[in-house]
Amino acid sequence: MRRLLPDPAEDLSVADAYEAALGQRSDAAWVSLCMVASIDGSTVVGGTSAKLSSPTDAAVLWRLRELADVILVGAGTARDEGYGAPRKPGQRIGVVTHSGRLDFTGDLFTSGAGFVVTSESGAPNIPAGIDVVRSGDTTVDLAGMLHRLDQVVGPADVVQVEGGAALNGAMFDADLIDEIDLTTSPATVGGGGPGLASGSAPHSHRFDLVQMAIDDESFVYTRWLRRRD
């Protein structure tokens, strides 16, 4: 990996490029968004991100997961990408769902790592023994959820959001994303696949580019910091 910004560097390791989250917050967990997308903006090919990724991109994902206390993912993404128990001991994975139709027999939940994020009226049939964070009456109040996470996961400094597009859009809508870690895959894929976010109301949130790197396969790795004046 070769860093172009802020300080040019050759042969940079993934660990050195992603030493830590870009900041911290005193009022809630720091929220980062980690995604890979094609040049033309799609985040999936054939329903998953695998064909957009590379070994270096996968290493970036795993490194960023090492920095996170909690992973937050939409139910469809958890299902399509085959989420299981995390590598990092003690890490929790929250699955955002309204219906609650999840596979509670898989190792994501049987390991004790998985928990459910839903509204007060959502997901009425969660099995006993599964942790649930409820926030909002009929739709998930994501800001409120962040302040309730400690009820089931304990103190959390960094929450990493991993899609899909609807969850990302809702997080942008609530202006909860502090950091974007985006890999641009050197391909166009066409079709009608989802982009980085969908469903959010019109808004203008400014981010500053704080790091850019490239690898030998022309994958581009950027880190963006939310500008909060």
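The analysis underlying the following values was restricted to heavy atoms, covering all of them including side chains, and did not include hydrogens, waters or symmetry mates.
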List in chain and number order the residues that pass salt bridge (charged side-chain N to carboxylate O under 4.0 Å, His left out) with D137, two or more places apart in sequence or in another chain; answer none if no residue qualifies.
none

Sorted by first residue and then second, give each salt bridge (charged side-chain N to carboxylate O under 4.0 Å, His left out) pair with at least one member in residues 164-190; sequence neighbours left out.
R25-D178, D175-R226, D175-R228, D178-R228, E179-R223, D181-R223

With sequence neighbours excluded, what pairs up with V45 under the side-chain contact (heavy atoms from CB on, under 4.5 Å) test?
K51, L52, V189

Within the distance-only criterion (no hydrogens, no angle test), does the side chain of S42 pair as donor or acceptor with the backbone N or O of S38 below 3.5 angstrom?
no

Single-linkage hydrophobic cluster, 4.5 Å side-chain cutoff, V153 and I126 together:
no

What I want to check is whether the side chains of T48 and D80 have a donor and an acceptor closer together than 3.5 Å.
no

Those residues at least two apart in sequence (or on a different chain) that pass side-chain contact (heavy atoms from CB on, under 4.5 Å) with L209 are L5, M212, T222, W224

Non-neighbouring partners of R65 that pass salt bridge (charged side-chain N to carboxylate O under 4.0 Å, His left out), sequence neighbours left out
E162

Within the 4.5 Å heavy-atom criterion, are L61 and Q160 side-chain neighbours or not?
yes

Work out which heavy atom in S198 is nearest to a heavy atom in A166; give both atom names and the distance.
OG-N, 3.6 Å

Start with the C-alpha distance between L64 and C34, add both sets of side-chain angles, then the distance that settles side-chain contact (heavy atoms from CB on, under 4.5 Å), and finish with yes or no.
CA-CA 8 Å; L64 288 169; C34 177; 3.7 Å; yes

Please check if the number of heavy atoms outside E120 that lie under 6.0 Å from its CD is greater than 12.
yes

Return yes if some donor-acceptor pair links the side-chain N/O of R148 with the main-chain N/O of V133 below 3.5 Å, else return no.
no

Just by distance, do the side chain of D141 and the backbone of S135 share a donor-acceptor pair under 3.5 Å?
no

Please tabulate, for side-chain N and O atoms in residues 8-21, each donor-acceptor pair with protein atoms closer than 3.5 Å (sequence neighbours left out).
unit_1: S13; atom_1: OG; unit_2: D16; atom_2: N; d: 3.0
unit_1: S13; atom_1: OG; unit_2: D16; atom_2: OD2; d: 3.2

Residues two or more places apart in sequence or in another chain: which of them pass side-chain contact (heavy atoms from CB on, under 4.5 Å) with L108?
Y83, I93, V95

Just jot down the ring pair (Phe, Tyr, Trp, His ring centres under 6.0 Å) partners of Y221, sequence neighbours excluded, or say none.
none

When you group the ILVMFWY residues by side-chain heavy-atom contacts below 4.5 Å and let the links chain together, are F109 and V117 in the same group?
no

Would you find a donor on one side and an acceptor on the other, under 3.5 Å apart, between the side chain of T188 and the backbone of D40?
no

List the steps, then state whether side-chain contact (heavy atoms from CB on, under 4.5 Å) holds for N168 with M35.
CA-CA 10 Å; N168 296 347; M35 297 292 290; 3.6 Å; yes

Test log, rule side-chain contact (heavy atoms from CB on, under 4.5 Å), inputs F104 and I130:
CA-CA 8 Å; F104 294 104; I130 302 296; 4.0 Å; yes

Does anything in residues 88-113 pair up under salt bridge (charged side-chain N to carboxylate O under 4.0 Å, His left out), and if so which pairs, sequence neighbours excluded?
R92-D131

Taking P194's backbone N and O only, do any of them form a donor-acceptor pair with T43's side chain (distance below 3.5 Å, no angle check)?
yes

Linking I/L/V/M/F/W/Y whenever their side-chain heavy atoms sit closer than 4.5 Å, directly or via other members, would V220 and F207 fall into one cluster?
yes

Side chain to side chain, S32 and I180, heavy atoms closer than 4.5 Å
no

Run the salt bridge (charged side-chain N to carboxylate O under 4.0 Å, His left out) test against E217 and tell me which residues pass, sequence neighbours left out.
none

Any chance CG of D208 has more than 12 other-residue heavy atoms, nucleotides or ligands included, within less than 6.0 Å?
yes

Is there a side-chain contact between M1 and D216 in this structure, where contact means two heavy atoms from C-beta onward sitting under 4.5 Å apart?
no

Could you go step by step and tell me if D69 and Q91 meet the side-chain contact (heavy atoms from CB on, under 4.5 Å) rule?
CA-CA 5 Å; D69 302 299; Q91 189 174 64; over 6 Å; no

Would you say T118 and V132 make side-chain contact, with heavy atoms under 4.5 Å?
yes

G100 versus A123, closest heavy-atom pair with distance
CA-CB, 3.6 Å

Could you pull out the closest heavy-atom pair between S53 and F219, with the gap in Å?
O-CZ, 3.7 Å

If two hydrophobic side chains count as joined below 4.5 Å and joins carry through other members, does L146 share a cluster with L67?
no

Under 3.5 Å donor-acceptor, E81 side chain and S49 backbone:
yes

In short, P186 meets S218 closest at the heavy-atom pair CB-O, 3.5 Å

Applied to residues 135-180, the ring-ring contact (aromatic ring centres under 6.0 Å, His included) test, sequence neighbours excluded, yields none

Can you name the residues that form a side-chain contact (heavy atoms from CB on, under 4.5 Å) with L142, not counting sequence neighbours?
V140, M145, L167, A170, M171, L176

If you group Ile, Leu, Val, Met, Phe, Trp and Tyr by side-chain heavy-atom gaps below 4.5 Å, do V161 and V73 land in one group?
no

